[in-house]
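First up is the structure itself, then whatever we jot down about it.
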Amino acid sequence: MRLIGLSDNLGQLRVEFAGCNMRCPYCVHIRQPMKEYSIGDVVDLAKRSESEDVYLGGAEPTLQKDLLPLIEGLHAAGKSILLKSNGMKPDVLEKALPFVKGFVIEIKSPLDDIPAIMELTGLSEERSTKYVSLLRESLNIAKKKWLRVWIRVIPEFIDTGTIARILPDIEDASEVMLYQFMSNPDFDLPFKGHDKPTPEWDEVRKLGEMLLEKVQKVRIVGVGGKLLLENN
Ligand code: SF4
């Protein structure tokens, strides 16, 4: 399998896969160098590690043919697995369901805004439309276990108006994470003229408070650090 990262820090083994079926213009990860590993390399590392949690992310893990055997190997080793996805491969999420603790799935904009999705993903109009139905299927599968919806707050696409339109799709998610765009240079390339963290921290917080209407927990990550908003 091709990886862009393999690390074991702070109680979590992180396996970052190379390659994605989207071409998001702000994505660092699809432009990083990759290295080949075997399933055995990763499972052996997991067995030696004291970390109980394994995060499978990257770019897009669900494209790797070795993903399911790897998940089964990690599960057999007693690890608790979180699988990240852009939601384009619900068939893979369904197969992973019995072996994982939960999922992290990104929503990039309201799902009825095909022009925004095209701009944010680099997909054609036809593929963007198909993506929306696959993403909805993926969200429904993930909600059977534990789901964190991940939203990258790029101000032209995510604001109080668009968050209101996203609310129905996040209902029944376990939590939402809002990430302030450009707040971690390892995650983003400049886009739409933004080369510094944006929008303001208070604005991201306001969006988080709106999301509490539909979910129990909202995590905010950005230059202000990490903030957990929770319903009582
Ligand atoms: S941002 Fe996510 S979905 Fe977009 S290209 Fe990168 S890994 Fe793929």
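Note that ligands are numbered from 1 as they come in the structure, with each ligand's atoms numbered from 1 the same way.
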> Hey, are the side chains of Val28 and Phe187 touching, using non-hydrogen atoms and a 4.5 Å cut-off?
Replying inline: no
> Quick one: is the NZ or CZ of Arg152 closer than 6.0 Å to the six-membered ring centre of Tyr179, and within 45° of its axis?
Replying inline: no
> Considering only protein heavy atoms, which is closest to atom 8 (Fe) of ligand 1, and at what distance to one decimal place?
Replying inline: Cys20 SG, 2.3 Å
> Side chain, backbone, both or neither: which part of Met88 has a heavy atom under 4.0 Å from ligand 1?
Replying inline: neither
> Between the candidates Glu106, Glu60, Glu16, Met22, which shows the shortest non-hydrogen contact distance to atom 5 (S) of ligand 1?
Replying inline: Met22
> Salt-bridged, Glu209 to Lys206, with N to O below 4.0 Å?
Replying inline: no
> Strictly under 2.8 Å, is any N, O or S atom of Cys27 next to atom 6 (Fe) of ligand 1?
Replying inline: yes
>> So for atom NZ, which belongs to Lys79, do other residues, nucleotides or ligands contribute more than 12 heavy atoms lying within a distance under 6.0 Å?
In response: yes
> Tell me: protein heavy atom nearest atom 7 (S) of ligand 1, and distance?
Replying inline: Ala59 CA, 3.4 Å
> Identify the closest protein heavy atom to atom 1 (S) of ligand 1: which residue and atom is it, and at what distance?
Replying inline: Arg152 NH2, 3.3 Å
> In terms of side-chain heavy atoms, does His194 have a donor or acceptor partner in Glu156 at a distance below 3.5 Å?
Replying inline: yes
>> Looking at atom 8 (Fe) of ligand 1, is there an N, O or S atom belonging to Cys24 that lies under 2.8 Å away from it?
In response: no
> Does His29 bring an N, O or S atom to under 2.8 Å of atom 4 (Fe) of ligand 1?
Replying inline: no
> Would you call Glu175 and Arg148 a salt bridge, using N to O less than 4.0 angstrom?
Replying inline: yes
> Taking non-hydrogen atoms only, is Lys108 closer than 4.0 angstrom to ligand 1 via side chain, backbone, both or neither?
Replying inline: side chain
> So, are Glu126 and Lys130 salt-bridged, with charged N and O less than 4.0 Å apart?
Replying inline: no
